[in-house]
Structures are given as structure tokens and as C-alpha cells.
Amino acid sequence: MPLSVDARWDLIDKISKQTVEFGARKHTLKDAIAELTVKPLTGIPVAIAVIYGFWSFFCDFAGTLFTDGFMVRLFDEHWLPWLQSVFPGGLKNPFYALMVDAGHIEGGVLVASDNCFEAFGVLTSGFFVVFGVVLWAVLAFYLMFAILEDAGYLPRLAVLVDTVLHKIGLHGYAIVPTFLSLGCNVPGVTATRPLETRKQRFMMMTLLAIFVPCGAQIGIMQDLVPEMMGWIFLTLAIGYLGFGFILNKIVPGKSPELIMDVPPYQMPTLRNIVRKLWIRTSRFLIVAVPFVLLGSIIVGLMYLTGAMDWLAAVLGPLLMGWFGVPSETVAPLIAGFLRKDLAVGILGGLMEQGIMTTFQVFTSVILLCIYFPCLATFALMLKEENGKEILGSLASLVAMVFVYGGLIHLVGIMLGVA
Amino acid sequence: MKILLMGHPNVGKSVFFNRLTGAKVLESNYPGTTVDFMKGWMRLEGEDVELIDVPGAFSLEPKDRAEEVAVKMLAENKDSVIVCVLDASKIERGLYLALEIIEKGYPAVVALNMWDVAEDKNIRIDVEKLERILGVPVVPTTAISGEGFKELVSKIKEAAPVKIEKIIESAGGRESAAVS
Amino acid sequence: MKEGEEKFGQIYFAVLGVVALAFGVAELIASAGEGFTWGILDSSGASDPMFLPWKAIILLAAGLFYLSSVNNFAEVHQLAKAVMASIMIWIVAGMAIWARIASSIPGEETWFNNLEGFLASYAPPYCPEMFLLLFSLVIVYYILKEE
């Protein structure tokens with residue numbers, strides 16, 4: 001039996017008298033600050049400041065302090081000369097070339113390398129990439145990430161970018177796997193699990209694998225081409241958003257919102273941070289070290305057997321014609337199947353030999369990011385996706401590399417720099 | 001099952017809707033009217049559930065086109081769960097609509113939205129007590145910051161029809177209601 | 001918050017807001033050109049030119065936050081804006097200090113820096129946000145007062 005209007009108001013009056021109280025609690029400063037970080041007008045400048053802090057810390061911790069401050073000296077002035085003096089064999093010995101120093105041609109003569117980027121040896125370049133550069137980058141990244149995560153900023157960042165990401169069929173939550181992938185794509189791909197539908201997961205994994213460079217790669221790029229980082233990130237971000245938009249249109253399925261818990265801000269505890277840092281960094285080393293060493297061996301063997309030259313000759317016209325990069329980039333591209341950081345390291349070796357223009361370096365770096373996920377990420381995707389989706393990922397990958405790589409080349413031609 | 005999102009105009013219902021649904025949202029026109037409403041999907045325990053953002057209405061006794069559409073939509077979707085979005089800082093007005101919906105026998109969840117604004121105005125609502133009296137789940141939310149949504153979604157399945165007499169009883173009986 | 005404290009806060013943070021804005025504009029101009037050093041104030045961005053425009057944007061935003069907090073300063077939401085502006089300055093300045101720390105530890109020719117080189121890393125000129133940092137610390141008093 002429905003109530004009359006008056007009876008209903010009477011009832012409401014009774015209910016509210018029992019449940020509503022005035023003047024019991026005031027907003028605290030913490031509530032007010034929490035509000036500022038999610039409202040777009042104030043939240044966006046705050047997000048810029050936070051990301052600025054993140055990135056500055058990353059560069060100075062990994063680059064200035066560890067890599068440039070100590071590791072370059074350790075590896076170039078002590079480790080490399082020591083190995084060159086004690087390792088059996090010599091410059092023309094294949095095993096020596098594989099493990100220590102392949103040397104390079106200077107004025108028609110094979111000479112020894114004087115830094116670990118150029119040496120191309122498993123024990124030199126391989127070790128330098130992992131322990132000299134990448135380890136510190138990953139450590140710095142995960143430290144900052146854990147702090148933001150534990151303080152409660154990440155879910156708020158997700159809420160803030162939700163509206164923008166809706167436009168490309170993703171959600172605010174996408175910022176979490178994306179951010180995590182900037183450390184390492186492997187946990188990034190794992191973090192797509194909370195996404196609700198296969199479409200969302202497929203899109204997210206594909207975008208991550210293609211457009212998000214990992215911390216290892218970023219660390220070594222920052223070491224080699226610091227002045228280009230802004231353009232590199234811009235190019236990748238445009239690709240991420242653009243292809244996200246296209247994928248959303250062509251991939252069938254729904255993309256419902258992921259509803260996140262937004263906890264209050266709190267002080268991170270040292271114990272928790274240290275624990276997370278330890279778990280993530282050690283997992284990274286377990287994944288990275290074997291692949292980097294394996295990668296150095298494979299690339300070294302391909303150089304020694306002449307397979308690399310053959311591939312360079314075969315693929316050279318395609319690389320030069322379509323992407324505008326020299327055929328020598330075949331070597332880093334091969335290494336990139338295993339590890340992106342190693343690949344960029346090899347590219348660094350090529351740069352030091354002075355065979356590439358600035359724009360070619362830029363294009364190669366972008367190509368290395370997007371052409372294939374590293375082996376560990378790919379293996380995880382194989383596990384996470386079904387057969388059809390893997391084919392879809394691969395197809396979109398090939399399409400994106402050719403379209404986007406060609407586009408960058410085209411822009412370069414139009415700007416007159418390619 | 002469908003979920004209808006109902007509430008007064010300007011209670012942050014559209015932000016609310018965006019927080020719950022995915023990116024693929026259909027804006028449609030209710031047949032024969034100029035009233036627009038939004039439709040989307042949300043994920044509820046592994047299932048896709050349609051979510052409809054019903055045009056804002058003050059009551060179910062229609063006074064304008066939007067309210068007419070709201071009433072029609074409610075009548076057309078007998079098997080749906082209603083999420084009543086209330087402005088927590090003006091809870092009495094919102095409760096009127098919520099009670100009307102409950103009276104019609106729909107399972108409902110009450111979202112006390114703009115919870116931050118209410119807190120700011122020094123309004124404190126005893127959520128547990130309100131839940132006990134109404135017999136339906138009540139969840140404080142802040143659509144703009146996304147707080148409370150996880151809880152809200154987890155409570156949707158607890159929504160069940162409640163007899164109005166029962167509410168009157170738990171609020172203290174009909175007579176005393178008349179007296180006060 | 002007492003009335004006198006509110007009054008002081010209003011004037012103080014209005015001035016600081018204007019200064020932050022001015023520094024922001026200066027850094028924005030600096031980022032477009034060569035940058036400049038003026039006495040002990042350094043806005044050349046010599047170490048990281050890439051960061052300069054972003055720093056400028058953050059200082060500008062912090063300045064605006066301060067200025068918009070001035071009206072009805074004692075109210076918690078208004079105060080929060082000033083707190084947020086200070087936190088943003090702390091992030092930028094903290095990173096500038098961290099950059100100095102990071103480059104002060106390793107030496108030029110040796111593993112570790114000698115004392116002289118170590119101290120020289122901390123000598124002036126300083127970038128604008130370090131000055132702002134100093135003056136923004138006043139907000140701590142108001143934060144403690146609020147809690």
C-alpha cells in the first residue's frame with residue numbers, strides 16, 4: 001500500500017532525526033589535500049610535480065650518482081682493462097671476442113675497445129648493461145613507485161586520468177599497469193589481470209608491450225641520449241594514445257569500468273617499502289641476467305659466424321628504405337628480441353663508431369621500443385592470452401611497427417632531418 | 001538483470017555513472033521524447049550488467065518530461081536493481097525518492113553521494129543506523145574522487161525488496177511518526 | 001587560527017605567491033633561451049635543460065595556488081591550497097638538492113670526492129626553488145596549528 005505524501009515526509013522526518021547529526025566533524029587538512037589531488041584543475045599541476053619529482057630522482061640516482069659517478073669508472077677503467085690483460089686469447093681469438101672484446105676497425109686496423117659499450121663481450125657489455133646501468137635504474141624506479149603506491153597517490157592519479165583515458169577506451173586504472181611497465185613490462189602485464197574483459201586485457205597488454213619502454217631501457221637511453229628523452233616519450237605517448245584509440249574501435253567486446261578502492265593518504269612504512277623494493281628488484285635480476293647474457297652470446301656468435309652481416313645485407317634495404325635507419329641496426333634489433341636494454345646498449349656501441357645521424361639514432365631507439373616485446377614479456381603474454389589473441393597481438397604489432405616507423409621516417413623527411 | 005541509476009538532478013549522477021561504467025557508453029533518446037539518457041555496461045561478479053542512467057527526477061509523480069521518462073523506465077524494467085543516488089548533504093529530499101522506489105517493491109541500494117560535501121557542512125549521517133531502518137544497503141560515496149565505489153558495487157547483490165511497513169516499524173511505528 | 005595569524009598568513013603567502021609566479025615566469029623565459037645567472041640566483045638550468053620548462057610550470061602553479069589560498073585563509077580548504085603549493089615547491093627544491101648531493105659524492109679523478117670538491121658542490125648560485133623552499137617552510141607552522 002503506497003503512503004500518502006504527508007505520511008512519507010513524516011517517515012523521512014523520523015528517519016533523519018535518528019540518523020543525521022549536525023556539526024559533528026569537520027574536514028581535516030588531509031581530506032582537503034586529498035580533494036585537491038583529484039580535482040582536475042588542481043590535480044593536474046600536482047601530478048606534473050609528482051612526475052617531475054619521480055623522474056628527477058630517477059635520473060640523479062641512477063644516472064648521476066651510480067652509473068656516471070661510479071659504474072662507468074669501475075667498468076671502463078678497471079673491469080675492461082683487467083679482463084683484456086688476463087683473459088686468454090687476444091683480439092682475433094673468437095672466444096675472447098665473444099667474452100671480452102670484439103674490437104673494431106679503425107683506419108683499417110682492428111683495435112681494442114676502450115669502453116664497455118663498444119666491446120660487445122658477454123663479460124664486458126653484458127655485465128655493464130645489467131650491473132652498471134640497469135640495476136640502478138630499476139632500483140630507483142621501484143623505490144619511487146613503492147612510495148607513491150603506499151602513500152595512496154596511485155589510485156588518485158588513476159581517478160584523475162580516468163576521463164582522458166575513457167576517450168581511448170581505457171580506464172584510469174590503465175595508468176597502473178602502464179606506470180608499472182615503465183619499471184619492467186613483466187609485472188606490468190601481470191597487473192592487467194584485474195581488468196574485467198578480454199578486450200581490455202588484450203588492448204592493455206598490446207599497448208604495454210609495444211609503446212611502454214621498461215626502466216632498464218629508459219635507464220640506458222638516459223645514459224646514451226639524454227637530450228632526446230623528451231621527444232622519445234612524446235613519440236611513444238602519441239603512439240600509445242593513437243593506437244589505443246584505433247584498437248578500441250576495431251577490437252570487439254566491452255570495456256566496463258574497473259572499480260578501484262581509493263584508500264586515504266597515509267605515510268608509507270619503511271619496512272613495507274624495503275620489502276617491495278627487494279622483491280621487485282630481485283625478480284628483475286632473475287629475469288634480466290640470463291636473458292642479457294644469452295643475448296650477448298647470440299649477437300656475438302652471429303657477428304663471428306657472419307650471420308649478422310648476411311642479415312644486414314638482406315634486411316638493409318627494408319630498414320633503410322622504409323624506416324630510414326642503416327643496416328647495422330640489425331644487430332640491436334636481434335638483441336632486442338631478448339632484452340631491450342642490451343639492444344639499446346649495442347646501439348650505443350654503433351653510435352660511438354659514428355655511423356648514424358642524430359635522427360637515425362632517434363628512429364632506431366623508437367623502433368627498438370616498439371618492434372617486439374622482450375622475450376620475458378612475450379613469454380608471459382603467451383601464457384596470459386589465448387591463441388587468437390596472440391595472433392591479434394602479433395598482427396597489431398607488425399602493423400604498428402610498419403605504420404608508425406614509416407610515419408616517423410616520413411615526418412623526418414618532411415622536416416628535412418632524415 | 002539491469003541496474004538503474006536514479007536520483008535528483010545535480011547529485012553528481014553523471015560522474016557516478018562514469019565511475020561505474022566502461023568507456024563504451026551509448027547516449028540515446030527515449031522514444032518519442034527529447035529526453036536523453038545514458039546506457040553502459042558494468043562488470044558484476046564476472047557478468048556484464050547493463051547500467052542505465054535514468055534522467056534526474058525529484059519524485060515519481062511526474063511534473064516534467066524527464067520525470068515522465070524516469071517513471072516509464074522504472075515501469076519497463078521490473079526486474080532491475082535500483083541504485084538511488086542521494087545528495088548526502090540534503091538527505092531528506094533524496095530519501096523521498098528512495099522511499100517511493102522502495103514502496104514500489106524494487107530492490108534498492110542507497111548511495112549517499114557527495115559525502116565529502118556533507119562532511120564539509122558538518123553533517124554527520126549514521127550510515128549503519130540508516131541501513132538498519134531502511135533495510136537496504138547504504139554506502140557513502142564521493143563520485144569525484146572515486147571513494148566508496150568498491151563497497152557500493154559489492155553491495156549491489158545484497159539489495160532486496162523491503163516492505164514499507166517494515167521501515168515504518170523500525171523507524172518507530174506509524175503513531176509515533178504522526179505525533180512527532 | 002587566531003585572527004592575527006590569519007592576517008599574517010594572508011599577507012605572507014600573497015607575497016610568496018607573487019614571488020613564485022615571478023620565478024616561474026623567469027624560468028619559462030630562461031628555458032626558451034640561454035638562461036641567466038643573477039648574483040646568487042641561478043636560472044640557467046645548466047645541468048638539466050630538459051627539466052627547466054617543467055620546473056617553470058610547477059612554480060607557476062604553486063604561485064597560483066598560494067594566491068588563491070589567500071582569501072579566507074583560515075578555512076581548511078583554502079589553507080590546503082597553500083599547503084599543496086608548498087609541497088610542490090618541496091618536491092622541486094628537494095630534487096634540486098638531491099641532484100647536488102648525487103653529483104657531490106663521486107670524485108673527478110678518484111672514487112670519492114675530496115672534501116673541497118664536496119663542499120664546492122653546495123656553493124651558490126642557487127636555483128629559484130631553493131629560495132622558495134626556505135620561505136615556504138612557514139607553512140609548517142600553520143599545518144601544526146591546524147592539527
Side-chain angles (χ1 to χ4, degrees), chain A residues 25-39 41-74 77-78 136 140 144 147-148 151 153 222 225-234 265, chain C residues 24 47-65 68-69 75-113 121 129 139 142-147:
Chain A
R25 179 179 174 271
K26 240 182 121 59
H27 251 191
T28 62
L29 195 58
K30 203 163 104 176
D31 298 329
I33 287 176
E35 223 173 273
L36 285 178
T37 53
V38 290
K39 285 187 178 161
L41 190 64
T42 46
I44 290 168
V46 172
I48 292 176
V50 170
I51 291 167
Y52 173 94
F54 196 108
W55 182 240
S56 286
F57 177 83
F58 178 83
C59 291
D60 284 319
F61 180 91
T64 314
L65 186 55
F66 284 97
T67 301
D68 292 346
F70 295 108
M71 292 301 146
V72 170
R73 174 173 297 132
L74 175 67
E77 290 173 19
H78 299 275
W136 310 104
M144 294 306 273
I147 291 174
L148 287 189
Y153 186 71
Q222 173 67 20
V225 287
E227 70 287 350
M228 276 185 204
M229 293 309 279
W231 291 109
I232 292 170
F233 277 120
L234 185 69
Y265 277 121
Chain C
S47 51
D48 298 295
M50 193 172 80
F51 285 126
L52 207 51
W54 295 106
K55 229 162 67 175
I57 291 171
I58 297 164
L59 292 189
L60 283 174
L64 290 175
F65 279 25
S68 67
S69 77
E75 203 275 321
V76 72
H77 293 89
Q78 292 296 90
L79 180 64
K81 288 183 197 163
V83 175
M84 202 67 237
S86 304
I87 293 175
M88 286 160 77
I89 287 172
W90 297 344
I91 292 176
V92 182
M95 286 308 141
I97 294 169
W98 167 239
R100 286 192 181 220
I101 295 173
S103 59
S104 73
I105 298 172
E108 290 278 325
E109 300 296 325
T110 50
W111 285 105
F112 286 95
N113 213 342
S121 313
E129 58 269 25
I139 200 73
Y142 286 94
I143 296 174
L144 294 176
K145 200 86 193 162
E146 183 66 31
E147 282 166 7

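In the text below, chain A, chain B and the rest are named by the order of the sequence lines, each starting its count at 1.
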*Most contacts with chain C, counted as non-hydrogen pairs under 4.5 angstrom, among A/Val46, A/Ile44, A/Thr37, A/Asp68*: A/Val46

*asked:* Heavy-atom cut-off 4.5 Å, strictly under: side chain, backbone, both or neither for C/Met84 against chain A?
replied: side chain

*Heavy-atom distance under 4.5 Å to chain C: side chain of A/Glu227, backbone, both or neither?*
neither

*asked:* Please classify the contact of C/Val92 with chain A as side chain, backbone, both or neither, using a heavy-atom distance under 4.5 Å.
replied: both

*Checking A/Leu36 against chain C: side chain, backbone, both or neither under 4.5 Å from a heavy atom?*
side chain

*asked:* Quick check: closest heavy atoms across A/Pro45 and C/Ala61, and the distance to 0.1 Å?
replied: CB-CB, 3.6 Å

*Mind checking salt bridge (Lys or Arg N to Asp or Glu O under 4.0 Å) for A/Lys30 and listing every partner two or more places apart, or none if nothing turns up?*
none

*Which atom names give the shortest non-hydrogen contact between C/Ile91 and A/Gly53, and what distance separates them?*
CG2-CA, 3.7 Å

_Which portion of A/Ile51 sits near chain C, non-hydrogen atoms under 4.5 angstrom_ = neither

*Might you point out which heavy atoms bring C/Ile139 and C/Ala82 nearest each other, and give the distance in Å?*
CD1-CB, 3.7 Å

*Tell me, please, which residues at least two apart from A/Phe57 pass ring pair (Phe, Tyr, Trp, His ring centres under 6.0 Å).*
A/Phe61, C/Trp98

